[in-house]
Amino acid sequence: MKVRSVNNTIIPQRKDAKSTTPQVGRTFENSSLQANSSATPSFKGGGDPTTFLIDMWAAIARGGLAASFTVQDMLGTNFPRTYAALGRNKDLTGKNNYKAAVEVAIREFTTGPSMFVIPALVLASATRFSKFAGEANRVATDNIAIFSDVMKGTMNGLHDGTFKNVDFSNMTTSEAKEATNTIKEAFYTDVFKGIFAQYGEEGKNINIKDYVDLMMKAEHPDTPKRNFFMSMFNKKATVLGREVDSKDEIMSQLSSKFVADKKAHTKGWGNFLSAKITPGSKALNIGDIADDMRNFSTDFAKQYVSAQRKDLNGGRIILEKFINNFRDMRMGSRFATNLLMVLATGLFMCFIPKLYTRNKTNPETDAIYEQVNQQRKGANQ
């Protein structure tokens, strides 16, 4: 079965068409509590099957590749095969074959979802519990290398400016948090500059600060996160009884803004959601780039500030060496995690037959063998 990845961007329809991207600083100024007036699409069909189907598949698309694959797998194979197994050999026995249906259902409904669940569990475990991995472990190795090169320029600029003469070893916890946010904002600015610089002179007219503000707003602890089903069915998150933009909705706004800016500053048609971090890199969805940026910078900033705070002499660690070591360790951990994901998924697939083999014989062929045995007995008499 062929599965197509769906790149779906939710573009909220605001009542105030002239509103601009919220300017968000580190204090956040309660901007996460502002009510969102976007219209929420209804999932009710209203008696029109066409409308219902459109709403249903829009919800599935919002669920991402995992939801799309799972629904297609269930509708295309799981349910049809289970139904076929239920009627297996009914022409011979006159009864439904419940044993065969149970075995087929267990086999089909564990095989497809496990291809997403097992790798996700391995990745989450490696990222959370391994001391050699962090949030950057979620980033592809190619992007880790690219982001590391960008971070070198970012950190050199900070140490020549904002961090000049700053004693990290005497920082308070809140000051350390402020330092990590400073690193992240500077890094985001440099990455978006590199992306839009590829559009030539037109790219210079794009307001990069809007993108950085959206990134920081999505990461703010006061910004709520929707669960899978809330996101899939486009249900608004609430804070203190008021509807607000969730993290995924803010990132959707970033994607929508990117599409608008790319259309306005590039010629011709194409995938307006795609971008290259550097001219020679692979084109990726802007949402995926933003996720990788967040994971990489969060991990790096935390590790860097922690290392600086442990330097009791107040000295500055050698930037390039630290960044290279961070890059090599995270690329190594990501490579090892990829191998573990493949191995764990393969081992689980080998274990699945033990889950669905509930009978000593195959219930799909029992009736046939019984008929053959009866014919042999009749022939021998």
Side-chain angles (χ1 to χ4, degrees), residues 1-8 57 59-85 100-144 225-233 247-248 251 282 284-285 287-296 298-299 329-359 362:
M1 178 179 61
K2 183 177 180 181
V3 181
R4 295 183 179 179
S5 176
V6 179
N7 294 326
N8 186 63
W57 285 108
I60 293 170
R62 284 192 295 270
L65 178 60
S68 299
F69 175 86
T70 301
V71 171
Q72 292 180 57
D73 193 38
M74 287 183 178
L75 296 180
T77 60
N78 297 1
F79 287 116
R81 288 179 179 177
T82 301
Y83 180 77
V102 169
E103 287 198 353
V104 171
I106 294 174
R107 182 188 70 208
E108 296 298 329
F109 283 93
T110 54
T111 303
S114 65
M115 290 172 22
F116 288 94
V117 174
I118 301 300
L121 290 175
V122 172
L123 180 60
S125 300
T127 302
R128 182 173 181 179
F129 299 111
S130 174
K131 65 179 181 179
F132 301 106
E135 289 86 347
N137 199 51
R138 300 179 182 275
V139 182
T141 54
D142 289 344
N143 285 351
I144 292 175
K225 181 178 181 180
R226 297 193 296 184
N227 60 39
F228 174 80
F229 293 102
M230 289 179 66
S231 177
M232 184 173 178
F233 293 104
K247 295 180 184 294
D248 65 299
M251 296 312 297
K282 181 181 178 181
L284 301 169
N285 184 288
D288 295 334
I289 294 177
D291 287 340
D292 285 352
M293 288 167 59
R294 181 184 65 252
N295 288 322
F296 178 88
T298 299
D299 194 0
M329 184 169 292
R330 291 300 182 262
M331 290 180 69
S333 66
R334 176 63 199 226
F335 179 77
T337 302
N338 288 343
L339 291 180
L340 285 175
M341 288 192 288
V342 173
L343 180 61
T345 304
L347 289 175
F348 185 77
M349 293 295 177
C350 294
F351 179 72
I352 287 178
K354 297 183 181 297
L355 295 177
Y356 70 79
T357 304
R358 307 172 62 87
N359 304 282
N362 187 350

Kindly give the heavy-atom pair with the smallest separation between V104 and A85, and that separation in Å.
-> CG2-CB, 3.5 Å
Output, in order, the C-alpha distance, side-chain angles, deciding distance and verdict of side-chain contact (heavy atoms from CB on, under 4.5 Å) for I144 and F296.
-> CA-CA 7 Å; I144 292 175; F296 178 88; 4.3 Å; yes
Answer yes or no: is there an ion pair linking E103 with R358, defined by an N-O contact shorter than 4.0 Å?
-> no
Quick one: CZ on F348 to OG1 on T111, what's the gap to the nearest 0.5 Å?
-> 8.0 Å
What one should report as the nearest heavy-atom pair of S114 and P119 is O-CD, 3.5 Å
Output, in order, the C-alpha distance, side-chain angles, deciding distance and verdict of side-chain contact (heavy atoms from CB on, under 4.5 Å) for V102 and Y356.
-> CA-CA 8 Å; V102 169; Y356 70 79; over 6 Å; no
R107 backbone acceptor or donor facing T110 side chain under 3.5 Å | yes
Residues L123 and T337: closest non-hydrogen pair is CD1-CG2, 3.9 Å
Picking from R138, R330, R294, what satisfies side-chain contact (heavy atoms from CB on, under 4.5 Å) with D299?
-> R330
For E108 and T77, run side-chain contact (heavy atoms from CB on, under 4.5 Å): C-alpha distance rounded to whole Å, both residues' side-chain angles, the deciding distance at 0.1 Å, then the answer.
-> CA-CA 8 Å; E108 296 298 329; T77 60; 4.2 Å; yes
dist L347:CG -> L340:CG (nearest 0.5 Å) comes out at 10.5 Å
Ignoring hydrogens and angles, tell me if any N or O in the side chain of R334 forms a donor-acceptor pair with the backbone of N137 under 3.5 Å.
-> yes
Closest approach of V122 to A344 (non-hydrogen atoms, all atoms of both residues) | CG2-CB, 3.8 Å
Residues N143, L284; criterion side-chain contact (heavy atoms from CB on, under 4.5 Å); working and verdict | CA-CA 10 Å; N143 285 351; L284 301 169; 3.5 Å; yes
What are the two closest heavy atoms between M251 and A290, and how far apart are they?
-> CE-CB, 3.4 Å
Could you state the interatomic distance from CG (L355) to CD1 (I106), rounded to the nearest 0.5 Å?
-> 7.5 Å
If you measure from CG on L121 to OG1 on T345, what distance do you get to the nearest 0.5 Å?
-> 9.5 Å
